[in-house]
Amino acid sequence: MASESEERNTFGMLLGWRADPAGEKIALLMQSTNKVVESDDDVREFRYFLTKQQAVQLGNFLYGVAGETPPEPRKRGLLGKWLG
C-alpha cells in the first residue's frame with residue numbers, strides 16, 4: 001500500500017470527467033489511471049465541488065493552456081432580442 005506522500009506524488013492520465021449541477025455549486029467527477037486499465041480497480045475517481053466562478057476560471061485557464069480561445073457566445077436571434 002502506498003504511503004500518503006507517495007500517493008500525493010503519483011501522476012496519471014485523465015480518462016474522463018463528468019460535471020453535474022449541485023445547487024449553487026458544480027459536482028465534478030474525474031477519472032484517471034496511472035497504468036494500463038485492465039479492470040475497474042485500475043481507475044481512480046476523484047470528486048470535487050466547485051463554485052460556478054471556479055468552474056469558469058478553470059475552463060478559461062484550460063483554454064489558455066491549450067492555446068485556444070473560448071467560443072464566442074451565440075448572438076441572440078430577432079425573437080430573443082424582442083423578448084429581452
Side-chain angles (χ1 to χ4, degrees):
M1 183 169 196
S3 72
E4 184 176 334
S5 64
E6 289 172 341
E7 189 69 27
R8 288 177 181 260
N9 293 322
T10 59
F11 293 87
M13 181 179 5
L14 181 63
L15 298 175
W17 65 88
R18 187 178 75 220
D20 297 303
E24 291 298 313
K25 298 200 182 293
I26 295 174
L28 177 63
L29 168 72
M30 300 180 77
Q31 295 177 318
S32 67
T33 187
N34 58 1
K35 58 183 175 179
V36 175
V37 176
E38 296 176 355
S39 73
D40 288 345
D41 292 336
D42 297 333
V43 177
R44 300 178 299 180
E45 290 189 347
F46 299 92
R47 289 173 173 78
Y48 303 94
F49 285 96
L50 293 85
T51 65
K52 291 178 182 179
Q53 184 65 31
Q54 287 174 316
V56 169
Q57 289 174 344
L58 176 59
N60 284 331
F61 174 77
L62 291 174
Y63 271 114
V65 170
E68 300 290 331
T69 56
E72 294 280 330
R74 289 180 25 189
K75 292 183 180 179
R76 293 187 310 182
L78 187 58
L79 184 60
K81 289 179 183 178
W82 283 347
L83 298 176

For Val36, the other hydrophobic cluster members (4.5 Å side-chain criterion, sorted by chain and number) are none
Which atom pairs, one a donor and one an acceptor, fall under 3.5 Å between side chains of residues 11-31 and the rest of the protein, sequence neighbours left out?
| unit_1 | atom_1 | unit_2 | atom_2 | d |
| --- | --- | --- | --- | --- |
| Arg18 | NE | Asp20 | OD2 | 2.9 |
| Gln31 | NE2 | Glu45 | OE2 | 2.8 |

same_hphob_cluster(Leu58, Val65) at 4.5 Å side-chain heavy-atom cutoff:
yes
Sorted by chain and residue number, the side-chain contact (heavy atoms from CB on, under 4.5 Å) partners of Ser39 (sequence neighbours excluded) come out as Asp41, Asp42
Of all heavy-atom pairs linking Tyr63 and Pro71, the shortest is OH-CD, 3.1 Å
Residues at least two apart in sequence or cross-chain that pass side-chain contact (heavy atoms from CB on, under 4.5 Å) with Gln54, listed by chain then number, are Leu50, Thr51
